[in-house]
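The structure under discussion appears below in the form of structure tokens.
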Amino acid sequence: MDLVIVNKQKHVHYILPIIIFFSTIILSYAKIQETALPFLLPLFIVSFYSGYLYLICFLTAIIGISIINQDTFTIVVIITLLLTIYLLNFTHLLKTKYISFIMTAILIPFFYANHYNILQTTVLIMLTLFNCYLDQEIIPLIIHQNKNVLNIKRLQALIVVVCTLFISFIPFNTTYTMIFLRYFLLISIYYLSIEKVMPIILYLSILLMLIAPSLKDDVLSLILPMSFFFMIQPKNKYLFMSIFLLSHITLPFFINYNYFYYAFVILVPVFLFMISPQFKNKKIKINPEFIEISYQEQLKSKADAFASLFHQLTEVFKEENQETHLSEYVGYVYEDVCHHCSSKKYCFYGQEGMSRLGKLISKGIQKDLEVDDYQYIYQHCLKPDDYLKSLKNHQKGYFKMLKVNHAHDHLKKDLFQEFSIMGHVFQNFSKKIDEQDNEKKILEHLKAYHFEVYYLKKIKKDYENYMLEIGIEDIDEKTVTEELIPILENYLNESLDLVSIKKQHLQIGYTSILLKHELKYTLQLAKKQYALEQQCGDSILTFGLDEHHYVALSDGMGQGYIAYKESKLTLDVLSQLLKNGIQLKDTLNTLNTLLKIKNQGDMYTTLDLFDFNLMNSRLKVIKYGAYESYLIRNHQIDVLHSHSLPVGMASTMKMVSYDMKIKENDILILTSDGVGEHFFDLLKKYQEEIEKMSVYEIVSFLFQKSFQKKDLDDMSIIVIKVVNRNS
């Protein structure tokens with residue numbers, strides 16, 4: 001596996017460095033205990049992660065504003081932190097996940113030297129550390145500059161940063177600061193929810209109190225009205241504003257209410273909100289691939305498929321019940337006693353139809369005979385003892401079959417009821433859950449191995465292939481190849497190739513790794529069928545599932561629609577069970593039991609199942625009562641024989657399978673028994689020509705040759721060729 005380092009630099013949008021520049025200037029005025037370091041240090045870390053241009057903009061702004069304000073303390077601290085990072089990085093001692101702790105720890109001696117007491121130092125250190133972790137959430141937004149990396153947590157962090165910029169204007173004008181702060185928070189609540197925004201409001205309230213303790217009333221006037229949205233948060237913009245305005249009637253009971261001031265700071269943001277363009281009157285939608293969802297949400301697709309399966313099984317047991325035919329048992333007695341009797345033309349059938357002796361057979365099969373019936377038999381039958389003995393024996397068989405059919409009918413009714421209930425259960429459950437979030441599961445798995453993952457994106461190329469982009473802290477080439485990739489391959493049960501590692505300046509440990517999952521082989525398939533009657537009794541099914549591709553052939557007993565119905569049911573249930581994650585062995589046992597119960601051994605189907613694992617290049621062949629299949633490889637023909645009874649014939653099935661490595665240009669041929677015994681001879685005779693043909697030419701050629709000598713039976717031929725995807 002080759003390591004490719006991508007040196008091409010990503011195009012930088014210069015608007016973001018400019019935003020960093022002006023944000024630094026604005027935040028330098030948000031001071032707590034005469035210092036803005038709790039806000040500037042997190043922005044310094046963000047700039048450092050994002051690249052040289054962002055760092056230069058930050059340093060330019062901080063040096064310029066420090067010179068203007070004659071603030072040597074801030075510039076000395078920032079330069080010290082910058083040199084410390086470079087020194088730790090040069091000595092390979094710096095771990096990115098600890099950078100926030102390291103930076104805040106370095107502040108302690110500076111605060112002590114500047115005569116901050118223990119309480120002040122503790123508050124400033126805690127606030128700085130919290131802001132560092134908060135601001136790091138927006139780093140992927142700056143680095144990738146792609147809305148697809150936006151999730152709820154990062155959006156909340158972005159709201160805090162923007163609101164902090166508003167708060168920085170408090171030293172200049174409190175009124176306009178509160179107006180724009182209210183306006184932005186109203187926008188956030190309307191398009192997100194009060195549950196997601198209220199923690200932000202509480203945190204901003206703490207900042208306001210620390211920056212200007214005299215703003216106690218303004219803080220209460222901010223928190224109390226917005227708390228009303230916990231009771232109701234309408235989607236209608238005008239109703240939303242009406243509730244917000246009405247919620248202020250409680251303020252005079254809690255604060256010193258200046259009617260002119262609060263009317264101004266309340267009505268202006270309401271007006272701004274009303275004239276703001278609306279996003280189709282619905283909440284902001286985060287990219288679905290990054291929405292945080294619960295573990296239960298991954299069950300929806302499984303529930304849908306199980307509901308479909310149980311509804312299909314329910315239809316099976318709606319069929320008419322089997323009948324016990326009395327005439328068959330009357331015929332048995334006749335064959336035993338009357339068939340060779342010289343008087344059969346006189347005592348069994350008369351001119352007016354069946355005689356009393358014939359009618360007594362029908363009566364004696366269904367119930368015990370009466371005394372006068374016995375007397376009549378002894379008087380008129382030449383072999384009365386044989387007559388009564390045969391009648392008694394076949395009466396037992398008739399009653400036994402009645403009992404079996406009765407039990408069978410009850411079983412079918414019970415199964416119908418159970419499958420129907422299960423189908424409705426899964427259908428109802430499916431309505432309550434949403435789609436599976438695969439990225440979240442991968443992310444949680446990597447975090448369980450203590451990888452510091454900042455970014456994970458799965459990019460589908462097509463149904464079977466995809467790219468996986470991961471941003472991880474403090475990782476090198478050796479760790480990627482020897483630890484990360486094997487862990488992911490084992491978890492996903494798929495092979496991954498390393499495409500690139502993007503290394504950008506100053507992103508210590510934050511590395512973007514691009515992996516790809518690509519199937520090595522692809523399959524070319526062609527099929528042809530012949531129906532002796534209107535409908536071919538053979539069924540064919542192919543479907544893909546992850547790196548697997550299944551090809552199945554089933555031959556129903558007999559010909560025509562009845563045989564087709566049984567073979568199609570076999571393959572439909574097989575595919576549904578496999579697609580729902582049921583193991584292959586359990587799938588086959590379930591399928592066999594279902595057909596055994598349904599048909600009571602009177603109907604069965606063969607099964608040819610070819611399971612291609614296109615990633616690890618292996619093939620598993622399973623045959624139950626099926627005709628032989630063939631593998632043409634390296635100018636040789638290998639025959640794959642069946643090792644089991646058909647499906648639905650016996651109560652238990654012994655699973656015997658072929659497991660082999662597939663190679664490029666392998667040709668595999670599946671057939672039903674309708675091709676006849678001469679088929680192998682055809683392959684040997686025309687092998688050289690077949691190897692040069694396409695799959696469509698092969699199947700047409702073999703069909704034509706087989707049809708010339710075929711017996712009176714349905715016939716199916718499937719030809720599969722293994723082809724390298726890159727050839």
Side-chain angles (χ1 to χ4, degrees), residues 15-16 19-20 22-27 29-30 39 42-43 46 131 134-135 137-138 141 147 150-212 215 217-230 233-235 237-238 240-245 247-248 261-286:
I15 187 68
L16 290 177
I19 291 175
I20 292 291
F22 285 106
S23 297
T24 305
I25 295 175
I26 295 170
L27 288 175
Y29 291 100
F39 307 105
L43 191 59
V46 170
N131 284 335
L134 197 66
D135 286 12
E137 289 294 329
I138 67 173
L141 300 177
K147 66 179 182 180
L150 187 64
N151 59 20
I152 292 296
K153 192 174 180 181
R154 288 167 187 161
L155 185 58
Q156 288 174 315
L158 197 59
I159 292 172
V160 172
V161 172
V162 174
C163 290
T164 306
L165 291 173
F166 288 139
I167 291 175
S168 302
F169 289 101
I170 283 181
F172 303 100
N173 192 300
T174 303
T175 302
Y176 288 107
T177 299
M178 298 306 297
I179 286 174
F180 286 106
L181 192 60
R182 271 185 174 82
Y183 167 69
F184 191 74
L185 289 174
L186 283 174
I187 291 284
S188 302
I189 294 172
Y190 183 72
Y191 287 108
L192 291 177
S193 68
I194 187 63
E195 290 81 5
K196 293 181 176 64
V197 180
M198 184 52 77
I200 298 173
I201 296 174
L202 295 176
Y203 177 66
L204 295 175
S205 301
I206 294 172
L207 292 183
L208 285 169
M209 294 298 296
L210 291 173
I211 293 174
L215 296 177
D217 287 347
D218 288 276
V219 170
L220 286 174
S221 70
L222 187 68
I223 296 175
L224 292 176
M226 292 187 178
S227 300
F228 275 71
F229 289 118
F230 277 110
Q233 184 179 328
K235 296 180 180 180
K237 192 174 185 179
Y238 299 99
F240 181 87
M241 280 294 88
S242 300
I243 292 174
F244 177 69
L245 290 173
S247 65
H248 287 82
Y261 169 75
Y262 284 108
F264 186 70
V265 299
I266 292 169
L267 292 177
V268 172
V270 168
F271 174 75
L272 293 175
F273 179 82
M274 296 301 294
I275 65 174
S276 298
Q278 191 169 359
F279 299 100
K280 297 181 181 180
N281 197 30
K282 61 182 180 181
K283 298 180 181 180
I284 293 174
K285 287 188 177 181
I286 310 303

Within a strict 4.5 Å, meaning less than it, do heavy atoms of the [X] and [Y] side chains meet?
{"X": "Leu185", "Y": "Leu222", "result": "yes"}
{"X": "Leu186", "Y": "Phe240", "result": "yes"}
{"X": "Phe228", "Y": "Ile194", "result": "no"}
{"X": "Tyr262", "Y": "His248", "result": "no"}
{"X": "Leu224", "Y": "Ser247", "result": "no"}
{"X": "Glu137", "Y": "Leu158", "result": "no"}
{"X": "Tyr29", "Y": "Phe169", "result": "no"}
{"X": "Gln156", "Y": "Ser188", "result": "no"}

Rounded distance (nearest 0.5 Å) linking atom [atom1] of [X] with atom [atom2] of [Y]:
{"X": "Leu192", "Y": "Met198", "atom1": "CG", "atom2": "CE", "result": "13.5 Å"}
{"X": "Leu155", "Y": "Ile138", "atom1": "CG", "atom2": "CD1", "result": "11.5 Å"}
{"X": "Leu43", "Y": "Ile20", "atom1": "CG", "atom2": "CD1", "result": "5.0 Å"}
{"X": "Ile200", "Y": "Ile159", "atom1": "CD1", "atom2": "CD1", "result": "4.5 Å"}
{"X": "Ser168", "Y": "Ile25", "atom1": "OG", "atom2": "CD1", "result": "12.0 Å"}
{"X": "Ile167", "Y": "Leu27", "atom1": "CD1", "atom2": "CG", "result": "10.0 Å"}

What heavy-atom pair brings [X] and [Y] nearest, and what distance separates the two atoms?
{"X": "Leu204", "Y": "Cys163", "result": "CD1-CB, 3.3 Å"}
{"X": "Phe166", "Y": "Thr177", "result": "O-CG2, 3.1 Å"}
{"X": "Arg182", "Y": "Val265", "result": "CD-O, 3.4 Å"}
{"X": "Ile26", "Y": "Leu165", "result": "CG2-O, 3.5 Å"}
{"X": "Met226", "Y": "Ile189", "result": "SD-CD1, 3.8 Å"}

What do you reckon, is [atom1] of [X] surrounded by more than 12 foreign heavy atoms closer than 6.0 Å?
{"X": "Tyr238", "atom1": "OH", "value": "no"}
{"X": "Phe180", "atom1": "CZ", "value": "no"}
{"X": "Phe230", "atom1": "CZ", "value": "yes"}

Report the C-alpha separation of Tyr183 and Ser276 in whole Å, then their side-chain angles, then the decisive distance to 0.1 Å, and conclude whether the side chain to side chain contact (heavy atoms under 4.5 Å, CB included) test is met.
CA-CA 10 Å; Tyr183 167 69; Ser276 298; 2.7 Å; yes

How are the rings of Phe244 and Phe229 set to each other: parallel, tilted or perpendicular (split at 30° and 60°)?
parallel

Chi angles and distances behind the side chain to side chain contact (heavy atoms under 4.5 Å, CB included) call for Phe264, Ile179
CA-CA 8 Å; Phe264 186 70; Ile179 286 174; 3.5 Å; yes

How about Tyr261 and Asp218: does a side-chain donor come under 3.5 Å of a side-chain acceptor?
yes

Assess whether side chain to side chain contact (heavy atoms under 4.5 Å, CB included) is satisfied between Thr164 and Asn131, documenting all intermediate values.
CA-CA 11 Å; Thr164 306; Asn131 284 335; over 6 Å; no

